[in-house]
Each structure stands twice: as structure tokens, then as C-alpha cells.
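Residue numbers start from 1 in every chain, and the chains themselves are labelled A, B, ... in the order their sequence lines are given, proteins ahead of strands.
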Amino acid sequence: MANDARDKIWRTVGRIPPGAVATYGQVAKESGLGRRARMVGRALRALPKGSDVPWHRVVNARGEISLPAGSDSAREQRNRLQEEGVEFRGGRIDLARFRWRPNLDELLWGPADG
DNA sequence: CTGATGACTATAG
DNA sequence: CCTATAGCCATCA
């Protein structure tokens with residue numbers, strides 16, 4: 001169905017470990033969607049209310065929360081990230097330190113064996 | 001159908 | 001740091 005891309009995105013976001021963040025473009029690429037970064041935002045917006053998907057671990061390419069400043073969702077995202085140990089400096093996250101590296105997961109945990 | 005919008009990004013100046 | 005431009009594409013008016 002037309003929600004294939006959305007499901008892929010949700011699965012990819014679900015793989016982001018606590019304390020790490022990924023960018024929209026990164027999620028798109030990891031999901032095999034190329035440059036459709038906007039689709040990622042669209043998919044996250046469509047998340048059901050009680051979803052387990054860690055949507056808060058997705059930020060824009062500048063390491064900032066891309067939700068409307070001051071919105072409940074933006075505050076929730078920031079709170080959750082800070083609870084996980086992600087640091088904000090001047091409203092930004094240092095992607096060099098907190099960016100999710102799927103490759104590193106494979107190196108440490110193995111490609112798919114779990 | 002057209003045109004604007006948006007939880008985006010890369011590049012150029 | 002900023003703005004402008006171009007690419008991307010589902011969704012809405």
C-alpha cells in the first residue's frame with residue numbers, strides 16, 4: 001500500500017538507540033528513500049497517539065528540533081532527549097557527538113544476528 | 001488541473 | 001551568522 005514508505009520510516013526510527021539522534025535526511029536514506037527527508041517529517045506527523053516509535057530522536061540537519069518552537073511537541077521532544085542524556089547547547093545538539101551511527105551498531109552488535 | 005505548504009537538505013554567495 | 005535557490009513529494013485549497 002501507499003504506507004510502505006511510512007512503515008519503513010517508522011521501523012528505521014525505531015532502531016535509533018536512546019541517547020542518540022538521527023536527522024530527517026539520515027532516516028530517509030536509511031529507509032531507502034533517498035532524499036525524501038520531508039517524507040520523514042510527514043510520517044512522524046502521522047504517528048498514532050500511543051506509538052512506541054521514538055520520534056523525539058529525529059532532528060534536522062542542524063541538530064535542532066524542527067517542530068514549531070514553543071509547541072507542546074517541541075517541549076516534549078526536548079525533555080525526552082535530555083532525559084536520555086542528549087545535551088543542548090544554544091538550542092542545538094552537537095551532531096558530531098550524538099548522531100546515531102547505524103554502522104557502529106553493526107560493528108558492536110553484529111549485522112542482523114542480534 | 002494549478003499553486004501553496006511543510007517535523008527537510010545541499011549548495012552558493 | 002544570514003539569504004536565496006533548487007531539489008524533493010505528499011497533501012490541501
Side-chain angles (χ1 to χ4, degrees):
Chain A
M1 62 159 119
N3 295 328
D4 280 352
R6 205 167 66 172
D7 291 335
K8 285 181 187 172
I9 289 168
W10 289 349
R11 274 200 296 278
T12 300
V13 174
R15 289 173 42 211
I16 307 173
V21 298
T23 66
Y24 293 90
Q26 188 183 351
V27 171
K29 196 172 180 183
E30 269 294 309
S31 303
L33 298 174
R35 292 178 160 185
R36 302 173 190 164
R38 301 191 107 124
M39 242 241 111
V40 175
R42 219 153 271 292
L44 294 185
R45 183 178 252 195
L47 274 173
K49 186 178 163 188
S51 174
D52 294 330
V53 177
W55 55 270
H56 57 281
R57 298 186 192 137
V58 183
V59 298
N60 67 28
R62 303 179 58 179
E64 298 170 326
I65 287 174
S66 228
L67 287 157
S71 67
D72 290 340
S73 299
R75 281 200 306 277
E76 182 180 353
Q77 177 168 18
R78 182 170 175 141
N79 283 340
R80 287 199 190 196
L81 287 175
Q82 288 180 324
E83 280 178 25
E84 294 180 353
V86 175
E87 298 172 21
F88 283 77
R89 300 278 299 197
R92 289 189 298 167
I93 298 165
D94 184 353
L95 291 180
R97 294 214 295 138
F98 295 101
R99 187 155 147 260
W100 173 45
R101 306 255 211 298
N103 262 351
L104 186 57
D105 281 2
E106 291 180 4
L107 290 174
L108 294 176
W109 293 87
D113 211 35

TODO: Kindly determine whether A/Val53 and A/Ile9 satisfy side chain to side chain contact (heavy atoms under 4.5 Å, CB included), including the steps that lead there.
DONE: CA-CA 10 Å; A/Val53 177; A/Ile9 289 168; over 6 Å; no
- [ ] May I ask you to decide if A/Pro17's main-chain N or O and A/Trp100's side chain share a donor-acceptor pair within less than 3.5 Å?
- [x] no
TODO: Assign A/Ser73 to base, sugar-phosphate, or nothing according to its heavy-atom contacts below 4.0 angstrom with the strands shown.
DONE: nothing
- [ ] Kindly say whether, by distance alone, the side chain of A/Arg35 makes a donor-acceptor pair under 3.5 Å with the base of C/dC8?
- [x] no
Open item on the list: By nearest atom, which of the nucleotides C/dA10, C/dC1, B/dC8 is closest to the A/Arg92 side chain?
Closed with: C/dC1
Open item on the list: In whole Å, I'd like the distance from the CD1 atom of A/Ile65 to the P atom of B/dC8.
Closed with: 12 Å
Task: Qualifying residue, where the test is side-chain contact (heavy atoms from CB on, under 4.5 Å) with A/Arg57 and the options are A/Val86, A/Val13, A/Ile16 - done: A/Ile16
- [ ] Would you mind checking if A/Arg80 and A/Glu84 are paired as a salt bridge, meaning a charged N to carboxylate O distance below 4.0 Å?
- [x] no
TODO: Rounded off to whole Å, could you give me the NZ-to-P distance for the A/Lys29 and C/dC8 pair?
DONE: 16 Å
Open item on the list: Please tell me if A/Arg36 has a side-chain N or O lying less than 4.0 Å from either OP1 or OP2 of C/dC9.
Closed with: yes
Task: Spacing of A/Ile9 atom CD1 relative to B/dC8 atom P, expressed in whole Å - done: 13 Å
- [ ] Quickly work out the A/Glu30 CD to B/dT9 P distance and round it to whole Å.
- [x] 15 Å
Task: Protein-nucleotide distance (A/Arg38, atom CZ; B/dA10, atom C1'), rounded to Å - done: 13 Å
Task: Rounded distance in Å - CD (A/Gln26) to P (B/dC8) - done: 15 Å
Task: Rounded distance (Å) that lies between atom P of B/dT9 and atom CG of A/Leu33 - done: 14 Å
TODO: Could you check how far CZ of A/Arg42 sits from P of C/dA10, rounded to whole Å?
DONE: 9 Å
